[in-house]
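Down below is the structure, laid out as structure tokens.
Predicted, not measured: the structure shown is a model, and the values here were computed from it.
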Amino acid sequence: MLLQPEIRRSKSELEKVVAEDFFEFGSSGKVLYHGSGIKEEGLAIVNMTMSDFVIHPLTTDVVLATYRICNRETNEHSLRSSIWKKTNESWRMCFHQGTKTAD
């Protein structure tokens, strides 16, 4: 979802899927919080492919999503995990982590 250009280009669309208490441990090693790095024009468009996507239910309203990303431009790979919580019939991401891999 967050790799889709129409979501990444829109701050208002991002706000719909990122929880107010969101934080991230980025693959860059930086810790980011809700709103940091999200400009009015949204986030940068990325040329990435996703594979090995799995949803791990934690409760009826909380899931852990895990997947692998390949950056097509740099050929860098990373493992990703996000925690999503369902509130008021919509799912919002409250945590994300990216970890670079050797392959």
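- Rounding to the nearest 0.5 angstrom, the gap separating the CD atom in Glu76 from the SG atom in Cys70 is 9.0 Å.
- A search for side-chain contact (heavy atoms from CB on, under 4.5 Å) contacts involving Thr60 returns nothing, not counting sequence neighbours.
- Residues Tyr67 and His96 come closest through the heavy atom pair OH-CE1, 3.3 Å.
- Here the closest heavy-atom approach between residue Phe25 and residue Val31 is recorded as CD2-CG2, 3.7 Å.
- Annotation: the span from Ile69 atom CD1 to Thr101 atom OG1 amounts to 11.0 Å, rounded to 0.5 Å.
- Of the candidates Leu58, Val54, Ile55, Ile55 is the only one forming a side-chain contact (heavy atoms from CB on, under 4.5 Å) with Val63.
- With sequence neighbours left out, Lys100 forms a salt bridge (Lys or Arg N to Asp or Glu O under 4.0 Å) with no residue at all.
- Atom OG of Ser51 and atom CZ of Phe53 lie 11.5 Å apart (nearest 0.5 Å).
- Contact annotation: the side chain of Leu64 approaches that of Ser81 to within less than 4.5 Å [non-hydrogen atoms, C-beta and beyond].
- To the nearest 0.5 Å, atoms NZ (Lys85) and OG (Ser90) are separated by 11.5 Å.
- Side-chain N/O atoms of Ser78 and Arg80 include a donor and acceptor closer than 3.5 Å.
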* Under the side chain to side chain donor-acceptor pair (under 3.5 Å) criterion, do Thr66 and His56 qualify, and how do the steps go? -> CA-CA 8 Å; Thr66 59; His56 309 271; 2.9 Å; yes
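- The CZ atom of Arg92 sits 6.0 Å away from the OG1 atom of Thr87 when rounded to the nearest 0.5 Å.
- Taking the six-membered ring for Trp, Phe22 and Phe95 have ring centres at least 6.0 Å apart.
- The line from CZ of Phe23 to CD of Gln97 is 9.5 Å long, rounded to the nearest 0.5 Å.
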